[in-house]
There are 2 protein chains.
Amino acid sequence: MDNITIFDVAKKAGVSKSTVSRVINNKKNVNEKTRQKILQVIDELDFQPSNSARSLVTKKTRNIGLILPDLGDCFFAKFTKGAEEICRSNNYNLLMISSYWDVKAEQDRIDILHNNRMDGLLLVSGSSISRSYINQLENKNLPIVVIDRLLPNTKIPTVNPDNFHGAYTGLKHLIKLGHEKISCVQGPGDLYSVQERIRGYRTAVTEKNPHFNPQKYIFQGQFDRESGYKAARKIIKTRPRSTAVFFTNDRMAVGGMEAFKEANIKIPEDISILGCDDLDYVSLLSPPLTTLEQPREKMGQKGISILMDIIENSRENKKQKKEKDWSFKFEMKLKIRGSTGPVPSR
Amino acid sequence: MDNITIFDVAKKAGVSKSTVSRVINNKKNVNEKTRQKILQVIDELDFQPSNSARSLVTKKTRNIGLILPDLGDCFFAKFTKGAEEICRSNNYNLLMISSYWDVKAEQDRIDILHNNRMDGLLLVSGSSISRSYINQLENKNLPIVVIDRLLPNTKIPTVNPDNFHGAYTGLKHLIKLGHEKISCVQGPGDLYSVQERIRGYRTAVTEKNPHFNPQKYIFQGQFDRESGYKAARKIIKTRPRSTAVFFTNDRMAVGGMEAFKEANIKIPEDISILGCDDLDYVSLLSPPLTTLEQPREKMGQKGISILMDIIENSRENKKQKKEKDWSFKFEMKLKIRGSTGPVPSR
DNA sequence: AATTATCGTGGGAGCGCTCCCACAACTCCT
DNA sequence: AGGAGTTGTGGGAGCGCTCCCACGATAATT
């Protein structure tokens with residue numbers, strides 16, 4: 001069946017395997033006529049060079065690994081999509097694997113993929129990354145790009161949304177609507193993205209109003225719906241109650257909205273809600289959620305592009321190894337929808 | 001760096017590469033002491049056998065390809081997740097690729113993966129599959145399992161939800177609530193799943209009421225939100241208006257709900273809505289959507305399990321090649337939520 | 001005209017493994 | 001005691017490719 005090898009092509013075309021190899025690898029020093037002839041034979045025989053044999057000698061597999069916390073999660077699916085697109089157009093394969101939010105599992109997965117001789121890894125980490133972990137990654141001698149995390153003092157490229165400016169912009173919108181007592185529900189505090197969003201919040205709310213103490217208005221959440229609901233319950237009990245809440249992700253915002261509805265607090269008449277992420281469906285809620293869009297698909301694309309650059313680059317000129325500082329930020333766009341409105345006139 | 005080969009292990013352990021090979025492949029006829037010694041050396045050297053070299057001789061890559069219409073779509077992400085789980089636990093890698101709902105692209109992708117020497121393919125097809133296409137698949141000499149499509153007269157295993165009984169059950173629920181004039185919004189008519197759901201609808205609504213003419217109550221949709229909205233607009237104009245609508249997927253149901261809300265028709269007081277699929281978020285809508293759950297994650301798992309069976313089986317005994325009829329149906333569970341209620345008392 | 005560079009090509013080694021066969025050393029029957 | 005099995009081991013071929021080197025034929029340079 002699939003036994004047509006470079007040899008069969010060579011024989012049928014009346015040349016040596018070396019010449020065929022030159023043709024399939026687009027090398028020069030091949031007579032144009034010979035090239036055409038070989039191309040024709042390749043087509044006739046439907047010849048496909050064996051990846052295994054190729055990789056065995058070149059040490060390149062043209063496989064990229066993608067690790068993310070949960071393949072089934074809509075939030076991550078967008079990264080996946082963007083990543084796959086770029087891989088496909090560069091003739092790379094994309095291999096995916098879930099880490100289930102577990103640092104240990106994540107490291108296992110990295111090893112698995114490394115052992116499977118991936119050419120590079122795109123890591124969407126489910127947790128904060130420790131210094132020792134970073135070192136480990138750096139020592140693997142394997143191109144890695146990390147999405148949605150900040151890695152201080154490292155040459156590992158990262159791709160992030162501009163969480164600070166995003167949050168800042170969102171908060172400015174609320175402030176412009178007249179809100180002053182704005183609460184904030186934060187996610188897991190060890191996450192870089194959360195820290196930046198909180199910083200954006202703090203900066204915006206204290207800018208014109210230095211007497212405002214954000215500390216009193218920050219509530220703890222865990223990025224899931226349940227914790228958003230609970231935080232909202234707390235906010236409801238707090239006096240004086242806020243007129244707006246910034247949830248540091250959409251999932252919590254959804255939980256929060258449920259709590260407010262339950263308590264018969266009208267959105268946005270009594271309270272404005274600002275989310276973050278722009279999940280697929282939040283525009284379908286009632287009211288549709290105002291939120292900050294994270295360009296996840298583009299981030300996935302960018303991650304792979306960087307990886308390609310590194311791989312191709314190290315292939316070309318191993319000597320110079322110009323380790324650029326590759327660290328990208330993507331703008332978060334404010335999507336104004338129905339969940340935010342003017343501050344209630346008391 | 002990664003240059004430790006089976007030879008290095010052999011040398012350090014004082015045996016031949018053959019013996020090491022036997023150990024890493026769990027073959028018998030190896031002295032227990034030698035095995036232990038080799039295992040220890042493997043560990044010390046952190047030796048990982050090269051997949052490329054292995055595949056080159058065994059013709060097996062331990063890679064499975066997954067083709068689906070859109071990696072970024074929540075609906076499909078669940079299949080992905082289930083598939084990856086089983087692959088992982090069997091030490092197979094999962095390679096994913098989007099076909100973007102295009103039959104031509106789908107076939108291209110199949111070729112790509114075939115050429116990349118996948119051991120098997122899981123295909124979540126974005127469209128109906130023609131006879132010639134099926135023949136093509138069968139001739140590829142490549143284990144393939146198809147999800148969410150019926151392939152008549154073929155040995156290609158399929159995994160499907162039980163669309164007929166699902167729809168039937170859902171409709172029975174509406175009927176029990178007193179509804180008689182129940183409309184139905186169908187999706188692309190060439191899809192097997194749609195045909196079955198419609199069949200379930202027809203069976204249920206005519207069972208006790210032979211005078212009911214379902215044909216007048218079936219509206220065309222395209223599985224997207226927009227077409228659900230449009231279909232609902234038509235239903236609103238129709239006299240006498242239905243008291244319940246079965247949308248053959250959730251996306252259309254969402255669009256429909258928007259149209260009804262806009263027209264000030266209350267759900268479920270004035271009209272009951274039944275969806276199909278149970279997308280992640282439909283329980284968050286107002287009111288939460290009653291729908292039929294499709295166990296997509298389990299279907300993904302099952303698909304891969306079948307694939308594993310076929311692969312392992314053809315590996316073991318090529319002679320008998322017992323082509324079982326592998327065709328699985330999964331129950332669709334009715335999720336009763338807020339969008340369905342008793343028929344309005346006029 | 002003699003030397004050197006360039007082009008087009010073939011041959012061979014080697015990538016790291018698996019798998020078949022050979023062979024020695026035992027054990028076990030009759 | 002002698003043939004037949006069993007167990008443990010090593011050696012060699014070969015999987016399908018790439019890449020280096022050699023070599024003849026032209027073309028360009030002095």
Side-chain angles (χ1 to χ4, degrees), chain A residues 1-39 41-42 45-63 91 114-119 315-316 318, chain B residues 1-39 41-42 45-63 91 114-119 315-316 318:
Chain A
M1 191 82 216
D2 224 351
N3 312 6
I4 17 161
T5 73
I6 198 171
F7 250 105
D8 303 318
V9 177
K11 203 174 358 165
K12 183 157 183 188
V15 295
S16 80
K17 59 178 175 31
S18 306
T19 308
V20 178
S21 174
R22 264 173 224 120
V23 171
I24 57 182
N25 288 296
N26 272 317
K27 299 265 171 82
K28 41 183 212 161
N29 285 352
V30 180
N31 183 289
E32 191 49 32
K33 258 190 184 159
T34 330
R35 159 168 274 125
Q36 290 307 328
K37 173 69 184 165
I38 292 175
L39 250 23
V41 173
I42 287 178
L45 260 36
D46 194 24
F47 164 73
Q48 283 295 134
S50 148
N51 277 328
S52 315
R54 271 188 159 168
S55 315
L56 183 56
V57 19
T58 60
K59 315 278 184 220
K60 295 286 169 192
T61 57
R62 293 197 87 81
N63 284 163
N91 267 310
H114 190 209
N115 292 339
N116 273 284
R117 310 291 199 271
M118 296 294 114
D119 288 348
R315 197 193 298 262
E316 304 296 286
K318 293 191 186 200
Chain B
M1 194 80 217
D2 224 351
N3 312 7
I4 16 163
T5 75
I6 198 172
F7 249 106
D8 303 319
V9 177
K11 204 173 359 163
K12 184 156 182 187
V15 294
S16 80
K17 60 179 174 29
S18 307
T19 307
V20 178
S21 175
R22 264 174 224 117
V23 171
I24 57 182
N25 288 296
N26 271 316
K27 300 264 171 81
K28 42 182 213 161
N29 286 350
V30 179
N31 183 289
E32 192 48 35
K33 257 190 184 159
T34 330
R35 160 167 273 123
Q36 290 308 327
K37 173 68 183 166
I38 292 174
L39 251 23
V41 173
I42 287 177
L45 257 39
D46 194 23
F47 164 73
Q48 281 297 134
S50 148
N51 276 328
S52 315
R54 274 187 156 169
S55 316
L56 183 56
V57 20
T58 60
K59 313 281 184 217
K60 295 286 168 192
T61 57
R62 294 198 86 82
N63 285 163
N91 267 311
H114 189 209
N115 292 339
N116 274 283
R117 310 290 198 272
M118 297 294 114
D119 287 347
R315 196 194 299 262
E316 305 294 289
K318 293 193 184 198

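Proteins come first, then strands; the chains are lettered A, B, ... in the order of their sequence lines, and each starts at number 1.
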Starting from [atom2] on [N], measure out to [atom1] on [X] and report it in whole angstrom.
{"X": "D8(B)", "N": "dC15(C)", "atom1": "CG", "atom2": "C1'", "value": "13 Å"}
{"X": "R22(A)", "N": "dG8(C)", "atom1": "CZ", "atom2": "P", "value": "10 Å"}
{"X": "N51(B)", "N": "dT18(C)", "atom1": "CG", "atom2": "C1'", "value": "14 Å"}
{"X": "N26(B)", "N": "dT18(C)", "atom1": "CG", "atom2": "C1'", "value": "15 Å"}
{"X": "F7(A)", "N": "dC15(D)", "atom1": "CZ", "atom2": "C1'", "value": "12 Å"}
{"X": "K37(A)", "N": "dG8(C)", "atom1": "NZ", "atom2": "C1'", "value": "18 Å"}
{"X": "I4(A)", "N": "dC15(D)", "atom1": "CD1", "atom2": "C1'", "value": "16 Å"}
{"X": "I6(A)", "N": "dG14(D)", "atom1": "CD1", "atom2": "P", "value": "19 Å"}

Nearest to the [X] side chain among [options], which nucleotide is it?
{"X": "A53(A)", "options": "dT18(C), dC17(D), dT9(D)", "result": "dC17(D)"}
{"X": "N31(A)", "options": "dT18(D), dG8(C), dC17(C)", "result": "dG8(C)"}
{"X": "N29(A)", "options": "dT9(D), dC7(C), dT18(D)", "result": "dC7(C)"}

Spacing of [X] atom [atom1] and [Y] atom [atom2] [to the nearest 0.5 Å]:
{"X": "N31(A)", "Y": "Q36(A)", "atom1": "CG", "atom2": "CD", "result": "10.0 Å"}
{"X": "H114(B)", "Y": "Q48(A)", "atom1": "NE2", "atom2": "CD", "result": "9.5 Å"}
{"X": "I6(B)", "Y": "L45(B)", "atom1": "CD1", "atom2": "CG", "result": "12.5 Å"}

Would you say [X] places a side-chain N or O within less than 4.0 Å of OP1 or OP2 belonging to [N]?
{"X": "R54(A)", "N": "dT18(D)", "result": "yes"}
{"X": "K59(A)", "N": "dG16(C)", "result": "yes"}
{"X": "K27(A)", "N": "dC19(D)", "result": "yes"}

### Message
Tell me whether the side-chain N or O atoms of R35(B) pair up with the base of dG8(D) as donor and acceptor below 3.5 Å, since no angle test is needed here.
### Response
no

Next on the checklist: Between V57(B) and V30(B), which residue's closest nucleotide on DNA chain D lies nearer the 5′ terminus?
Outcome noted: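 Between the two, 5'-proximity favours V30(B).
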
For DNA chain D, find the residues of residues 9-21 of chain A with a heavy-atom distance under 4.0 Å and give them by number; none if there aren't any.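 Only K17(A), S18(A), S21(A) qualify.
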
Between L56(A) and T34(A), the residue closer to the 5' end of DNA chain C by nearest nucleotide is T34(A)

Determine all donor-acceptor pairs shorter than 3.5 Å in which one atom belongs to a side chain in residues 49-57 of chain A; sequence neighbours excluded.
| unit_1 | atom_1 | unit_2 | atom_2 | d |
| --- | --- | --- | --- | --- |
| S50(A) | OG | S52(A) | N | 3.3 |
| S50(A) | OG | A53(A) | N | 3.1 |
| N51(A) | ND2 | N116(B) | OD1 | 2.5 |
| R54(A) | NH2 | N25(A) | OD1 | 3.4 |
| S55(A) | OG | N51(A) | O | 2.6 |
| S55(A) | OG | K60(A) | O | 3.3 |

So, for [X] and [Y], which heavy atoms are closest and what is the spacing to 0.1 Å?
{"X": "F47(A)", "Y": "T5(A)", "result": "CE1-C, 3.4 Å"}
{"X": "R62(B)", "Y": "D119(B)", "result": "N-OD2, 2.7 Å"}
{"X": "R22(A)", "Y": "R35(A)", "result": "O-NH2, 4.3 Å"}

